[in-house]
Amino acid sequence: MLVVMQRGATAEEIRGVVAAIEEMGYQARPWPGKQRTAVGLVGNDGKVDASRFEGLPGVLEIIHVTQPYRQVSREWKGENTVVRLPGGVAVGGDDVVVMAGPCSVESEAQIIAAARAVRDAGAVVLRGGAFKPRTSPYSFQGLGERGLELLAKAREETGLLIVTEAMDSEDVDLVARYADIIQVGARNMQNYSLLKRVGRAGKPALLKRGIAATITELLLAAEYILAEGNPQVILCERGLRGFDAATRFLFDLTAIPLVHKLSHLPIVADPSHGTGLRDMVIPMARAAIAAGADGLLIEVHPDPARALSDGAQSLAPDQFAELMRQARGIAEVIGRRVAEPAEVT
Ligand code: PEP
Ligand code: MN
């Protein structure tokens, strides 16, 4: 970390910065320049609170030489993390893993129909919320544990793996009993007690980017899970709050190569929430694979017009089958493959 002094900072102000650095147990190295002096902080162990220096007299700005996150960074681990799921499914390797299903689990008939449809089209993971984070308290909140039981039943029938959201720390153990991947939703990306709990759950996690979160904040949120001893984390780009209501969110494609550059963790794309518009899902799914996404998270409903949540962005089964066809084509062009479902015995 470099503390850059203002032009004309006094010797006393520079001494003040040096003293603050030394007081925190680090070494200070002042570099006098022609225009201004910078003071280097040596021995940064990632615990330095830069805000301490920002308010000191004579300080112009702080320049971070290293990233604030550690275990999630490429510097920490050069090779890609491959999240290994039951049945040999791997996220972060050569395969593009497609996770699909309804926004919410609504009934046995609905989730079984959705599971069969997405499996027949080639998905390997079934998504579906049992605990739903809804903007309005009057909207459908999910079936809770009953929803988890129905997901388990769908897994039994189809062989699909399950990804589903834990909304509260208290739900994590329950969700972990049913899920193959525990989802942390966008609204909870910075719920640190939930992240810590998920870090101790012993199951892979899918961490969705918050609707106004920077990439650094996303990676620091993942750091919470890794710091608790769980390296099995899949990140998810799901769109940001933009200024234009033409789409529900602004799907940030650049996040995919950027995360790959900064981190060894896999990242999947959710063009359903990312756009909020059914017609935009297939083009953005194609783009996400082309950009290097390690998987897709797609909302599919057997009857989107009757969906209890997110119907406008949900694909009907035939549209999802078309998405899969196109996804295979794009994956092949970039030397990857869309993961195939295992044979059910
Ligand atoms: C979801 O996956 O249905 C969901 C609620 O997503 P997000 O947290 O990204 O809004
Ligand atoms: Mn949804």
Side-chain angles (χ1 to χ4, degrees), residues 97-106 110-111 114 118 123 125-137 139-144 147-148 150-151 161-168 171-172 175 179-191 194-195 198 204-213 217-218 221-222 225 233-242 247-252 255-256 259 267-278 280-281 284-285 288 293 295-316 320:
V97 173
V98 180
M99 314 178 187
C103 179
S104 308
V105 181
E106 298 169 3
Q110 175 250 16
I111 194 66
V118 301
V125 180
L126 174 66
R127 60 146 293 142
F131 297 96
K132 292 303 304 176
R134 304 305 303 281
T135 303
S136 164
S139 301
F140 177 60
Q141 303 284 307
L143 298 179
L148 297 174
L150 295 176
L151 284 168
L161 302 174
I162 302 296
V163 58
T164 193
E165 177 161 355
M167 253 174 46
D168 293 299
D171 299 334
V172 170
V175 171
D180 297 294
I181 306 169
I182 304 172
Q183 178 170 323
V184 174
R187 288 155 193 82
N188 263 325
M189 190 202 82
Q190 288 179 310
N191 179 341
L194 175 65
L195 295 173
V198 167
L206 178 91
L207 175 62
K208 300 190 85 173
R209 182 179 181 186
I211 65 172
E217 286 163 343
L218 171 66
I225 303 177
V233 177
I234 303 162
L235 302 171
C236 179
E237 167 57 42
R238 49 79 70 218
L240 303 171
R241 175 66 43 92
T247 56
R248 185 179 177 196
F249 292 101
L250 201 56
F251 187 53
D252 181 11
I256 297 162
V259 161
I267 179 163
V268 302
D270 174 353
S272 304
H273 292 89
T275 62
L277 299 167
R278 185 175 303 130
M280 303 294 132
V281 173
M284 287 299 102
L296 297 174
L297 190 68
I298 306 289
E299 287 190 336
V300 180
H301 194 286
D303 186 358
R306 292 205 162 73
L308 296 183
S309 58
D310 287 352
Q313 67 196 34
S314 297
L315 300 186
F320 178 64

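Just the heavy atoms: all of them, side chains too, but no hydrogens, waters or symmetry mates, feed the values below. Just follow the structure's listing: the first ligand is 1, and inside any ligand the first atom is 1.
Taking every heavy atom of both residues into account, I298 and S272 meet most closely at CA-OG, 3.5 Å.
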Below 3.5 Å only, please: the N or O atoms of ligand 1 paired with protein N or O atoms, distance on each line.
from: ligand 1; atom 1: 2 (O); to: R127; atom 2: NH1; distance (Å): 2.8
from: ligand 1; atom 1: 2 (O); to: R127; atom 2: NH2; distance (Å): 3.4
from: ligand 1; atom 1: 2 (O); to: Q183; atom 2: NE2; distance (Å): 3.0
from: ligand 1; atom 1: 2 (O); to: K208; atom 2: NZ; distance (Å): 2.9
from: ligand 1; atom 1: 3 (O); to: R127; atom 2: NH2; distance (Å): 2.8
from: ligand 1; atom 1: 3 (O); to: K132; atom 2: NZ; distance (Å): 2.9
from: ligand 1; atom 1: 3 (O); to: H273; atom 2: NE2; distance (Å): 3.3
from: ligand 1; atom 1: 3 (O); to: E299; atom 2: OE2; distance (Å): 3.4
from: ligand 1; atom 1: 6 (O); to: K208; atom 2: NZ; distance (Å): 2.9
from: ligand 1; atom 1: 8 (O); to: A186; atom 2: N; distance (Å): 2.7
from: ligand 1; atom 1: 9 (O); to: K208; atom 2: NZ; distance (Å): 2.9
from: ligand 1; atom 1: 9 (O); to: R238; atom 2: NE; distance (Å): 2.6
from: ligand 1; atom 1: 9 (O); to: R238; atom 2: NH2; distance (Å): 3.4
from: ligand 1; atom 1: 10 (O); to: R187; atom 2: NH1; distance (Å): 2.8
from: ligand 1; atom 1: 10 (O); to: R238; atom 2: NH2; distance (Å): 2.8

Please assess M189 against L207 for the test side-chain contact (heavy atoms from CB on, under 4.5 Å), listing each intermediate value before the final yes or no. CA-CA 7 Å; M189 190 202 82; L207 175 62; 4.0 Å; yes
Full working for side-chain contact (heavy atoms from CB on, under 4.5 Å) between M167 and N188: CA-CA 7 Å; M167 253 174 46; N188 263 325; 4.2 Å; yes
Apply side-chain contact (heavy atoms from CB on, under 4.5 Å) to residues T164 and V105 and explain how you reach the verdict. CA-CA 10 Å; T164 193; V105 181; 5.7 Å; no
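Under the rule for a side-chain contact (heavy atoms from CB on, under 4.5 Å), the partners of A205 that lie at least two apart in sequence or sit in another chain are V198, I225.
Between the side chain of E237 and the backbone N or O of G274, no donor-acceptor pair lies under 3.5 Å. Listed for the R278 side chain is a donor-acceptor partner under 3.5 Å among the backbone atoms of G311.
Shown are the protein N/O/S atoms under 2.8 Å from the Mn ion (ligand 2), given by residue and atom: C103 SG, H273 NE2, E299 OE2, D310 OD2.
Sorted by first and then second residue, the salt bridge (Lys or Arg N to Asp or Glu O under 4.0 Å) pairs involving residues 125-136 (not counting sequence neighbours) are R127-E299.
Taking 4.5 Å as the limit, every side-chain heavy atom of C103 sits out of range of all side-chain heavy atoms of H301.
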